[in-house]
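Please read the structure below before turning to the comments.
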Amino acid sequence: MRDLLAELPAVPGSEPIGDGAMVLRAAARPMADALVAAVDQIRAAAPFRHLITPGGRRMSVAMTNCGPFGWVSSHTGYRYQGTDPDSGARWPAMPTVFRDLAGQAAADAGYPGFQPDACLINLYEPGARLTLHQDRDERDLDSPIVSVSLGLPAVFLFGGLRRTDRPRRIRLEHGDVVVWGGPSRLAFHGVEALADGSHPLTGRSRINLTFRRAG
Ligand code: MD6
Ligand code: FE
């Protein structure tokens, strides 16, 4: 007899996308308004900016951070730091709704006890994209990453441990949460150029929150 129970996902609405990686569909929908309102507070204190890669290119995605550590890039390389290089001030505090959502999503995906100390916030406007990369600047690679999509949909590229592994294409919608860790923690991934459109909550943009344990 077919084992019907074994075919059900561990969490309703979850889809595995790799070893140790899954999408939790619509998991951030209930608190999406609060998340966007919190991003509005954060951007007022630490505005989105287009960082320069170590190779000298301006990133099409605009970024800011909240929490004890923020990810920054410049001509001198990538790093995490406790202050905003534009203002010299500490990054805005990580809102409780961010922390709670990240901890719950990680636990649902099989990573209990996740306490992020960094939240990178990415702003995509039509045409903005992120080329395939690995997230490897964090000191703690045992912790997973939790990634929350808000606003316009995007196509997420999820590859393997080698840059040349052909990536899967996964459509991420408003409220979807991706969690990955363990064997996929260093998987190459990226985001295709954002298609034009308008979303009731974010207008002509997509906002992505990625939570990590960096320090
Ligand atoms: C994005 N995300 O979805 C870009 N990194 O806008 C990432 O680069 C990312 O979603 C690590 C883990 C999950 C992610
Ligand atoms: Fe990434």
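Both counts, for ligands and for their atoms, begin at 1 and track the order of listing.
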By number and element, which atoms of ligand 1 are closer than 4.0 Å to a non-hydrogen atom of His133?
8 (O)
Lys/Arg-Asp/Glu bridge criterion (N-O < 4.0 Å) met for Arg139, Asp117
no
Of Asp137, Asn65, Thr210, which meets side-chain hydrogen bond (donor to acceptor under 3.5 Å, both in side chains) against Trp71?
Asp137
Approximate separation, where rounding is to 0.5 Å, of Phe211 CZ and Phe114 CZ
8.0 Å
Close N or O approach (Asp135, ligand 1; < 3.5 Å):
yes
Taking atom CZ of Arg213 as the centre, does the number of heavy atoms from other residues, nucleotides or ligands within less than 6.0 Å exceed 12?
yes
From CE (Met63) to CZ (Arg49), nearest 0.5 Å:
11.0 Å
Which residue from Arg206, His189, Arg212 reaches closest to atom 3 (O) of ligand 1 through any of its heavy atoms?
Arg206
Report the angle formed at the Fe ion (ligand 2) by atom NE2 of His189 and atom NE2 of His133, rounding to the nearest 10°.
80°
How far is atom 12 (C) of ligand 1 from the closest protein heavy atom, and which atom is that?
Trp180 CZ2, 2.8 Å
Atom nearest to the Fe ion (ligand 2) - Asp135, N, O or S atoms considered:
OD1
Which one of Asp176, Leu157, Asn208 has a non-hydrogen atom at the shortest distance from atom 2 (N) of ligand 1?
Asn208
Passing option when Ile42 is tested against Cys119, Cys66, Pro47 for side-chain contact (heavy atoms from CB on, under 4.5 Å)
Cys66
Tell me the protein heavy atom at minimum distance from atom 10 (O) of ligand 1, and give that distance in Å.
Ser147 OG, 2.7 Å
Does Asp196 offer a backbone N or O that forms a donor-acceptor pair with the side chain of Arg204 under 3.5 Å?
no
Nearest protein heavy atom with distance in Å, relative to atom 4 (C) of ligand 1:
Tyr124 OH, 3.4 Å
Short version for Leu130: what comes under 4.0 Å of ligand 1, heavy atoms counted, is side chain
Return a yes/no value for Thr210: is any of its N or O atoms, backbone included, closer than 3.5 angstrom to an N or O of ligand 1?
no
Near Val191 (heavy-atom distance under 4.0 Å), the atoms of ligand 1 are 1 (C), 3 (O), 4 (C), 6 (O)
Decide side-chain hydrogen bond (donor to acceptor under 3.5 Å, both in side chains) for Arg206 and Ser149; before the verdict, give the C-alpha distance in whole Å, the side-chain angles of both, and the deciding distance to 0.1 Å.
CA-CA 7 Å; Arg206 168 180 185 256; Ser149 293; 2.8 Å; yes
